[in-house]
Amino acid sequence: MVEVAKSKPSRMWRTILVLSLTLNLIVVGIVAGAGLSGRLGNGPPRSFEFGPGPMARALEPQDRRAIGRALREDRDVRGMNLRGQFVQIVSSLRQEPFDPAALQDLMAMQGERFAAIQAKSSEALVAQIVAMTPDERAAFADRLENEMRRPRKSRDDRSGG
């Protein structure tokens, strides 16, 4: 019997998947934060945090790992050639004469793929929450609520000046 070595997902894929989950959770966090703060519909949010977001931070590490594993195992997600699309975008940026319509088309295709990944990330997050016991779900809700109350650093504080 021949044993086939399992190839590990590339670092690029992990990064893309984590970014996708992060972006999805950021959107959910922003909407939840706006709702909890009473600012929903009262103008733009105070700031936009481009990071893990409150939902991702509120998850237990094993839950984040399970979501990442589910995304890596999803055939639809694995079949998306995001790296190839970035290569095409870079090529488009260097092309002379520059063709803005071609770049727009590439970015639209990439946006569709990111939207599909975000949908898969959302499905994985919901599946992880469904798998929680009522006590685990309540603890997650408590951690999420605490994350939403935590003051965020201003842009000046994050940049060191």
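Numbers here simply count residues along the sequence, with the first being 1.
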[X] [atom1] to [Y] [atom2] distance, which is reported to the nearest 0.5 Å:
X: Ile67; Y: Lys120; atom1: CD1; atom2: NZ; result: 14.5 Å
X: Glu123; Y: Leu71; atom1: CD; atom2: CG; result: 9.5 Å
X: Gln118; Y: Arg113; atom1: CD; atom2: CZ; result: 15.0 Å

Any side-chain heavy-atom pair of [X] and [Y] under 4.5 Å:
X: Asp63; Y: Phe140; result: no
X: Phe86; Y: Gln110; result: yes
X: Arg143; Y: Glu60; result: yes
X: Leu59; Y: Met132; result: yes
X: Leu106; Y: Gln85; result: no

Under a 3.5 Å distance rule, please check whether Arg64 uses its side chain to pair with a backbone N or O of Ala56 as donor and acceptor.
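A pair under 3.5 Å: yes.
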Please check if the side chain of Ser121 supplies one atom and the backbone of Ile117 the other of a donor-acceptor pair under 3.5 Å.
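Yes, Ser121 side chain to Ile117 backbone: donor-acceptor pair under 3.5 Å.
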Does a salt bridge link Arg149 with Glu145, judged by any charged N lying under 4.0 Å from a carboxylate O?
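Answer for the salt bridge query: yes.
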Met107 atom CE, over 12 foreign heavy atoms within 6.0 Å:
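No.
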Indicate if Phe114 and Leu103 have the same hydrophobic cluster label, given that clusters are the connected sets of ILVMFWY residues with side-chain heavy-atom separations under 4.5 angstrom.
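Phe114 and Leu103: separate clusters.
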Of all the heavy-atom pairs spanning Gln128 and Ala66, show the shortest one and how long it is.
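Nearest heavy atoms, Gln128 then Ala66: OE1-CB, 3.2 Å.
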